[in-house]
Number of protein chains: 2
Amino acid sequence: MTKIAKPPKRQIILEEAAKLFKDKGYGGTSMRDIAGQVGMEAASMYNHIKSKDEILDSICFRISDVYIAHLREVEELPLSFGEKVRVLIRLHIQLMVEDGPAVSVANHDWKYLPNARLTEFTTARRQYEKGFAALIAEGIAAGEFQAVNPTVALFTILSAVRWVELWFQPGRSLSAQELEDHIITMLLKGLEQR
Amino acid sequence: MTKIAKPPKRQIILEEAAKLFKDKGYGGTSMRDIAGQVGMEAASMYNHIKSKDEILDSICFRISDVYIAHLREVEELPLSFGEKVRVLIRLHIQLMVEDGPAVSVANHDWKYLPNARLTEFTTARRQYEKGFAALIAEGIAAGEFQAVNPTVALFTILSAVRWVELWFQPGRSLSAQELEDHIITMLLKGLEQR
DNA sequence: ATTTCTAACTAACATTTGTTAGTAAAAATA
DNA sequence: TATTTTTACTAACAAATGTTAGTTAGAAAT
């Protein structure tokens with residue numbers, strides 16, 4: 001009988017916090033709300049976390065780290081630019097489907113990070129955007145993509161992917177796989193030259 | 001000498017509130033924050049507005065009404081489906097550029113509307129989405145568009161447009177007109193059949 | 001000139017907020 | 001077994017919240 005280690009309390013707190021932050025916003029969620037969801041008094045949570053700010057910090061930077069790592073991996077792959085962009089879009093959608101609440105928080109509530117960490121976060125995000133935009137620009141230079149404005153293309157892609165959280169329900173006619181295919185078709189038929 | 005009627009206090013409050021809600025969220029903005037921006041004590045604002053909720057209500061429904069009106073107008077125009085979609089996208093972007101903070105609030109903070117009004121708001125939005133999706137579906141049926149999933153197409157469009165608020169600064173290399181052109185190109189080259 | 005209305009103010013209210021202190025039971029370690 | 005560490009609790013805190021009450025100076029209306 002293999003023992004399944006149940007997740008430590010800290011992680012449960014972070015997960016429940018992410019769900020609540022997604023639904024009610026960072027400012028709209030109280031420590032008592034989170035505690036209620038976890039099944040504990042608000043004060044007890046301070047045995048596992050340092051502060052409300054730190055909860056937000058953990059969620060945002062965990063996601064931001066994943067994004068950066070994905071970009072670095074894709075950059076090293078021996079693929080065409082079109083394929084690299086496809087892979088990145090797939091990774092975006094997969095992360096959204098698997099880790100929805102946390103991604104939502106990283107997308108919406110990062111601005112409530114305390115000052116020092118806020119600039120760190122925006123720097124990381126700009127770095128990601130720069131790397132992604134470079135792939136698009138190189139793809140244009142290589143003749144794979146139409147001569148669109150790379151920034152507009154980048155944000156159109158990021159935006160389209162970001163809203164998956166709002167209209168995707170796992171059981172609802174479309175599977176995650178189909179969703180990926182449809183979005184990629186919609187986006188890249190406009191991006192790739194024919 | 002023509003007299004320029006300066007806007008009534010109520011409108012100033014709504015405008016400043018929209019800016020603050022956009023930057024700090026509804027929950028993150030206090031009545032004292034708004035009052036400070038308007039140049040007045042928090043309590044004084046209650047001569048012009050009924051409650052904090054009512055501020056949010058005014059902003060959200062003003063924008064929602066504009067969207068619905070735009071849709072109704074476009075539906076009546078004697079245009080192809082491709083052109084109708086183009087017009088709708090242009091109207092979206094224009095509203096965003098002209099009335100940015102209010103649109104942001106209607107996009108992000110509507111969920112903090114009190115219960116009764118919240119369902120009214122989501123109903124209105126679903127109505128808009130339904131009308132827009134119908135245009136896409138009819139365009140497909142008419143052979144103007146590729147046979148994409150209309151829902152995916154709709155949300156890709158709405159999402160792409162929605163993020164204009166995040167990266168468009170009026171003076172910044174791209175004009176509003178160019179922005180419109182680029183986004184439409186990016187989106188419709190994937191939507192229109194060739 | 002007198003009254004009424006408008007719009008600002010100060011003071012205060014009851015809640016709710018994030019967080020700390022102190023304590024006790026339970027678990028881990030010796 | 002004895003001791004230390006972990007984790008939960010209750011109680012309380014100071015600060016911030018949306019809002020009301022009461023008041024007052026000036027503008028508009030009579």
Side-chain angles (χ1 to χ4, degrees), chain A residues 3-60 105 108-118, chain B residues 3-60 105 108-118:
Chain A
K3 192 177 266 174
I4 292 179
K6 65 175 170 187
K9 279 283 155 63
R10 178 168 218 278
Q11 201 161 324
I12 296 176
I13 293 172
L14 295 180
E15 280 165 19
E16 294 302 325
K19 287 189 217 163
L20 287 170
F21 290 169
K22 178 188 169 179
D23 286 347
K24 322 204 300 165
Y26 180 70
T29 303
S30 74
M31 293 300 281
R32 287 164 180 85
D33 290 338
I34 302 171
Q37 215 61 33
V38 173
M40 182 187 281
E41 291 301 311
S44 308
M45 293 196 298
Y46 285 80
N47 287 314
H48 306 281
I49 52 104
K50 287 220 309 254
S51 69
K52 192 187 179 191
D53 281 347
E54 194 228 6
I55 295 178
L56 181 65
D57 192 285
S58 277
I59 296 170
C60 288
V105 171
H108 291 119
D109 295 324
W110 56 270
K111 54 182 155 181
Y112 306 119
L113 287 168
N115 243 312
R117 295 289 277 170
L118 189 145
Chain B
K3 192 179 265 178
I4 293 178
K6 66 176 169 185
K9 279 284 154 62
R10 178 168 218 279
Q11 200 161 325
I12 296 176
I13 292 172
L14 294 180
E15 281 166 20
E16 295 302 324
K19 288 189 216 164
L20 287 170
F21 290 169
K22 179 191 171 177
D23 287 347
K24 322 205 298 167
Y26 181 70
T29 304
S30 74
M31 294 300 281
R32 287 164 181 83
D33 289 339
I34 303 171
Q37 214 60 33
V38 174
M40 174 188 289
E41 291 301 312
S44 308
M45 292 195 300
Y46 285 79
N47 287 314
H48 305 280
I49 52 107
K50 286 220 307 254
S51 68
K52 193 189 179 191
D53 281 347
E54 192 228 5
I55 295 178
L56 181 64
D57 192 285
S58 277
I59 296 170
C60 289
V105 171
H108 291 118
D109 296 323
W110 56 270
K111 54 182 154 183
Y112 307 118
L113 286 168
N115 243 310
R117 294 292 275 169
L118 188 146

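Keep in mind that the numbers below use all heavy atoms, side chains included, and drop hydrogens, waters and symmetry copies. Chain identifiers are assigned alphabetically (A, B, ...) following the order of the sequence lines, protein sequences preceding nucleic acid strands; residue numbering begins at 1 within each chain.
For the pair B:Phe21/B:His108, no side-chain contact is recorded, criterion being any heavy-atom separation below 4.5 Å from C-beta on. The shortest side-chain heavy-atom distance between B:Glu16 and B:Ile12 falls under the 4.5 Å cut-off. Looking at heavy atoms from C-beta onward, A:Gln37 lies out of side-chain contact with A:Lys19 at the 4.5 angstrom threshold.
Remark: P of D:dT17 and OH of B:Tyr46 are 12 Å apart, rounded to the nearest angstrom. To the nearest angstrom, P of D:dC9 lies 5 Å from CD of A:Glu41.
Considering every non-hydrogen atom in both A:His48 and A:Arg10, the closest pair reads O-NE, 3.1 Å. The heavy-atom pair separating A:Leu113 from A:Leu56 by the smallest distance is N-CD2, 3.7 Å. Here the closest non-hydrogen pair linking A:Trp110 and A:Leu118 is O-CD1, 4.2 Å. Shown here for A:Ile59 and A:Leu14, the closest heavy-atom pair between the two residues is CD1-O, 3.8 Å.
Proximity of residues 48-56 of chain A to DNA chain D (heavy atom under 4.0 angstrom from any strand atom) is restricted to A:His48. Within residues 22-39 of chain B, the residues having any heavy atom closer than 4.0 Å to DNA chain C are, in order of number, B:Arg32.
Mapping heavy-atom proximity under 4.0 Å, the span of DNA chain C touched by chain A runs 5' to 3' from C:dT17 to C:dT20.
B:Tyr26 and B:Tyr112 have parallel rings, their planes meeting at less than 30° on a 0 to 90° scale where 60° marks the start of perpendicular.
Between the side chain of B:Asp57 and the main chain of B:Glu54, no donor-acceptor pair closer than 3.5 Å is present. With hydrogens and angles ignored, the 3.5 Å screen pairs no side-chain donor or acceptor of A:Lys9 with any backbone N or O of A:Val38.
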